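For reference, the structure is listed below as structure tokens.
What's counted below: heavy atoms across the whole structure, side chains too, no hydrogens, waters or symmetry copies. The chains referred to below are lettered A, B, ... by the order of the sequence lines, with proteins before strands, and numbering in each begins at 1. Bear in mind that the values here come from a model prediction, so they are computed numbers and not experimental data.
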Amino acid sequence: MAQTIMTVDDSPSMRMLLRAALGKMGYTIIEAEDGIDAMEKLSNNRPDLLITDINMPRMDGFGLIENVRQDDSWRNMPILVLTTETSDEKKQRARIAGATGWIVKPFSPDKLAAAIRRVLH
Amino acid sequence: MAETTMKININNFKRIDVMQGEKQVSSEDDVVFSTVLGSCIAACLYDPIAKIGGMNHFLLAEPSGSDHDPNSLKRYGVYAMEVLINAMLAKGAHRNRLRARLYGGATMRSGFGDIGIKNAEFARRFLQDEHILLNAEDIGGTTARRVDFCPALGLARCRHVENQRPVERLEVVPDKAGDVTFF
């Protein structure tokens with residue numbers, strides 16, 4: 001069965017770009033437009049991986065990662081941050097919140113695929 | 001759509017050039033962003049409530065799929081638009097209040113693959129997908145343009161310039177694009 005990835009980004013264009021790239025790799029995709037939307041969709045979906053942006057309205061990527069990690073049932077789900085941000089301070093914040101990895105945009109589909117393969121088993 | 005005439009004197013304003021691949025965001029009253037465009041596009045975004053404006057300047061519409069170099073990917077509109085929007089949100093602008101002006105997208109030489117037309121199509125579609133209102137545009141044609149944008153006022157002036165050649169090339173600066181860090 002195809003593995004499922006939840007993508008979280010407030011930009012419809014970025015969600016489309018991710019849908020195209022991940023769809024080609026054969027993954028099933030669930031989309032959310034911010035942290036709140038993602039938390040709601042996680043209550044009735046079981047994705048194998050979460051890919052999230054950082055800068056989003058209502059609940060940003062940091063808030064989302066913290067909330068997800070508070071729930072024991074999501075302890076083992078890998079979380080990749082995909083963002084234009086590059087600062088070490090923000091990376092550390094994501095690491096402490098419980099992120100699995102950090103990818104700086106713009107991404108090439110090949111690099112994204114390699115990062116996903118590394119965290120999905 | 002007709003270009004907007006700027007009714008203020010910007011001669012005493014602090015001028016900031018926005019080069020290809022760059023973006024600038026400000027809410028300062030006496031600042032003007034300036035750029036020269038050929039087939040490139042400059043998007044000027046404005047939040048009229050927060051009075052914050054920003055301009056970018058990008059070379060290409062969308063990656064072909066065979067382009068995997070992160071620095072090269074930075075030339076594309078989808079990246080340039082996200083970086084500009086994020087910088088504006090970080091300063092206090094709201095995504096749903098943004099208004100846009102689009103400039104550039106000229107066909108500078110024949111046989112150049114209609115880059116200008118593709119750029120203009122991309123920019124319009126992007127704004128539609130993101131539900132950002134397009135207030136004004138001056139795109140297409142065969143001449144270069146000089147655009148001046150006052151970020152705090154949301155006002156722009158676009159002049160067609162016959163004798164000015166825009167610099168359209170990629171400055172390759174090694175940086176962190178495409179970096180992957182595992183924790």
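- Residues Asp179(B) and Thr86(A) are not in side-chain contact: their nearest non-hydrogen atoms beyond the backbone lie 4.5 Å or more apart.
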Given Asn55(A) and Leu89(B), is the side-chain contact (heavy atoms from CB on, under 4.5 Å) satisfied, shown in steps?
CA-CA 8 Å; Asn55(A) 304 302; Leu89(B) 300 188; 5.7 Å; no

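- Clustering ILVMFWY residues whenever any of their side-chain heavy atoms sit less than 4.5 angstrom apart, transitively, puts Phe62(A) in a cluster other than the one holding Ile96(A).
- Contact annotation for Ile54(A): neither backbone nor side-chain heavy atoms come within less than 4.5 Å of a heavy atom of chain B.
- At most 12 non-hydrogen atoms from other residues, nucleotides or ligands lie less than 6.0 angstrom from CZ of Arg118(A).
- Within residues 92-99 of chain B, the residues having any heavy atom under 4.5 Å from a heavy atom of chain A are, by residue number, Arg95(B).
- No continuous path of hydrophobic side-chain contacts links Ile139(B) to Ile117(B) [ILVMFWY only; heavy atoms under 4.5 Å].
- A heavy-atom distance below 4.5 Å is found between the side chains of Asp53(A) and Glu82(B).
- Only the side chain of Thr84(A) comes within contact range of chain B, with at least one heavy atom under 4.5 Å from a heavy atom of that chain.
- Cluster annotation: Met16(A) and Leu82(A) are assigned to distinct hydrophobic clusters (Ile/Leu/Val/Met/Phe/Trp/Tyr, side-chain heavy-atom contacts under 4.5 Å, transitive).
- Hydrophobic clustering, with ILVMFWY side chains joined whenever heavy atoms are under 4.5 angstrom apart, groups Val180(B) together with Ile5(A).
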List the steps, then state whether side-chain contact (heavy atoms from CB on, under 4.5 Å) holds for Val119(A) with Phe182(B).
CA-CA 9 Å; Val119(A) 297; Phe182(B) 294 103; 3.7 Å; yes

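- Distance check: Glu85(A) CD to Asn86(B) CG gives 6.5 Å after rounding to the nearest 0.5 Å.
- With respect to chain B, the highest number of heavy-atom pairs below 4.5 Å among Ala21(A), Ala99(A), Ser13(A) belongs to Ser13(A).
- Grouping the Ile, Leu, Val, Met, Phe, Trp and Tyr side chains by contacts below 4.5 angstrom, directly or via other members, places Val147(B) with Ile16(B).
- At a 4.5 Å heavy-atom cutoff, the contact between Glu130(B) and chain A is made by backbone and side-chain atoms alike.
- Contact annotation for Asp129(B): both backbone and side-chain heavy atoms come within less than 4.5 Å of a heavy atom of chain A.
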